[in-house]
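Hydrogens, waters and symmetry mates play no part in the numbers below; they use all other heavy atoms, side chains included. Quick note on labels: first sequence line is chain A, next is B, and so on, each numbered from 1.
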Amino acid sequence: MIAKPTARRHAPPIDMNLLVTLDALLSEGSVVGAAQRLNLSPPAMSRQLARIRHLIGDPVLVRAGRGLVPTPRAEALRDRLRRLVSDAEALVRGEDDLDLSRLERTFVIRASDGFVGTFGAALASLAASQAPHVRLRFAPEDAEDVEGLRDGRIDADVGVIGTMGPEIRLQTLFHDRFVGVVRPDHPLLAGITPERFSSFPHVSVSRRGRFAGPIDEALATHGFTRFVALAVANFADALAVVRMSDHVTAMPERLTEPARAGLLSFDLPVPVEGLAISLAWHPRFEADPAHRWLRGIVREVCGRKP
DNA sequence: AATATGAGAGGGCATATCCC
DNA sequence: GGGATATGCCCTCTCATATT
């Protein structure tokens, strides 16, 4: 008996071009769109889709009415694939050929009005000095979901970032602490004790309209309860109310520095845990040189001493 | 070594099919 | 009807093999 070597034929090498094609198909959600993007005819693209289906063993995109919708398998592949392709593009292009002086791009940053008020001007100046054709759009904070980052409507998210999707990249920009804010001639200033602090009506800042937060928890551990009479969605509204009433509010110190001008800030009478202001982005932008530059200038501006 | 030949991949055009 | 995808047919190009 001849001992035959068990060497089996190697599987044919994977056509990596199909990954680029699939990325285009998933991004465009249509054969025609992907064909235009890759300078192919729609039939050629349709055939590439057929090859991808054969390669993956999944329909990838199925007809829904006139268009196509991705299968769960395709959805699961989408982000990794996007990252893979953009990494490959960056590899080929090289990271150095980012020409900031000619970069024309609009970045969407989701951030609170506090962040815009405190860092917006510095960020805009720094961006303009390095990349004069780049535009920044600050989008208001909505429900803190990852969809905006996932589908690319949002380039970066700045703020107190809680539970995001597991794939979301996160980096702490700085730590902040809560301070109380009242108008300058407020009666509370005669003596700030937990008891007197709790006796005035409060304004809470919550994009979700919450009346209770970490300050209430801190007060509760010391046996105090405050009455939050008003919940507003941004810092400016809270400050406007405080400016013209006996209401008391609390907000992150550094994040609202310029906005609190003309008002009186004070240390809270009970210790409240600090908060981390972070930058979040989707991994698809991880290797994107322009996006890296954006992250860099955000970090730089936040790292400057006030 | 140079040339011819055949298979296979992949693209475009025309057209079928589906659905709004 | 018209937009979108899928497919039949034919073409070109490449590569491996056969032939001179």
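- Annotation for H175(A): atom NE2 does not count as buried by contact number, only 12 or fewer foreign heavy atoms lying within 6.0 Å.
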E257(A)/T118(A) under side chain to side chain donor-acceptor pair (under 3.5 Å): CA gap, chis, key distance, verdict: CA-CA 6 Å; E257(A) 185 90 51; T118(A) 306; over 6 Å; no
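- For the pair L49(A) CG and dT5(C) P, the computed distance is 9 Å after rounding to whole Å.
- Here R47(A) does not reach the OP1 or OP2 of dT7(C): none of its side-chain N or O atoms lies under 4.0 Å away.
- Within residues 16-45 of chain A, the residues that have a heavy atom under 4.0 Å from DNA chain B are, in order of number, S41(A), P43(A), A44(A).
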Stepwise side chain to side chain donor-acceptor pair (under 3.5 Å) check, Q171(A) with W281(A): CA-CA 9 Å; Q171(A) 184 171 44; W281(A) 65 96; over 6 Å; no
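- Under a 3.5 Å cut-off, the side chain of H222(A) and the backbone N or O of F224(A) do not form any donor-acceptor pair.
- Residue R210(A) qualifies as open at atom CZ: its count of foreign heavy atoms under 6.0 Å is 12 or below.
- No more than 12 heavy atoms of other residues, nucleotides or ligands shown are found within 6.0 angstrom of CZ on R135(A).
- With rounding to whole Å, L68(A) atom CG is found 12 Å from dC19(B) atom P.
- Non-hydrogen atoms lying under 4.0 Å from DNA chain B are contributed by nothing in residues 69-77 of chain A.
- Using a 30° and 60° split on the angle between ring planes, F197(A) and F266(A) fall in the perpendicular class, above 60°.
- Side-chain atoms of R260(A) and S265(A) include a donor-acceptor pair closer than 3.5 Å.
- Look at NE2 on H54(A): it is 17 Å from C1' on dA6(C), rounded to the nearest Å.
- Of the side-chain N and O atoms in R53(A), none sit less than 4.0 angstrom from OP1 or OP2 of dT5(C).
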